[in-house]
Amino acid sequence: MSILFLIGRILFGGFFLKMGISHFKNRTAMAGYSASKGVPSPMLAVVGSGALIFLGGLGVILGVYVRLSLIFIILFLIPVTFTMHRYWSVADPDRKMIEAINFNKNIALLGATCMLLMLPLTLWTFSLWP
């Protein structure tokens, strides 16, 4: 495996792993924010989405259950992107810009996750040799 692919896995998976930990550590505040966005059962949504990205990120880093891990990330990104970052419905220009940035970031992450899903599983081993 290319060292660059391993570094990319650690960076990409680490992003989601860190976000998952943040969901658990800040679940009360995040549930309040989710409730303000109209999310039903906000605490369950925060804990459930945190589990998806924690497990997804961990799987990507370790190279285990890779397809399932990437599907977990996709299952997180799609609803969160279109529920939490609806920039088109925000009136305040500053808030609209922040939501648009987060929406576009999530769309890019979704695209990258879909591409990773298409890679052969043989690339996901721990070996640093081809």
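Note: hydrogens, waters and symmetry copies are ignored here, and every other heavy atom, side chains too, is used. Values in this document were obtained by computation on a predicted structure and should not be read as measured data.
- Looking only at distances, no side-chain donor or acceptor of Ser22 sits under 3.5 Å from a matching main-chain atom of Lys18.
- Side-chain contact check for Val60 versus Ile73: some heavy-atom pair is nearer than 4.5 Å.
- Taking 4.5 Å as the limit, some side-chain heavy atom of Phe12 sits within range of a side-chain heavy atom of Leu109.
- Side chain of Ser89 to backbone of Arg86: a donor-acceptor contact under 3.5 angstrom is found.
- The side-chain heavy atoms of Leu75 and Ile71, taken from C-beta on, include a pair separated by under 4.5 Å.
- With contacts defined as side-chain heavy-atom distances shorter than 4.5 Å, the pair Val46/Tyr33 does not qualify.
- A heavy-atom distance below 4.5 Å is found between the side chains of Trp124 and Arg9.
- Side-chain contact check for Ile98 versus His85: every heavy-atom pair is 4.5 Å or farther apart.
- Judged by distance alone, the side chain of Lys37 and the main-chain N or O of Met84 form a donor-acceptor pair under 3.5 Å.
- With hydrogens and angles disregarded, no donor-acceptor distance shorter than 3.5 Å links the side chain of Arg95 to the backbone of Asp92.
- Looking at Ile74 and Cys114, their side chains come closer than 4.5 Å, going by heavy atoms from C-beta outward.
- By the rule that hydrophobic residues join a cluster once side-chain heavy atoms approach within less than 4.5 Å of another member, Val66 and Phe15 end up as members of one cluster.
- Of the options Ile107, Ile101, Asn106, a side-chain contact (heavy atoms from CB on, under 4.5 Å) to Phe103 is made by Ile107 and by none of the others.
- Here the two rings, on Phe72 and Phe16, have centers that are 6.0 Å apart or farther.
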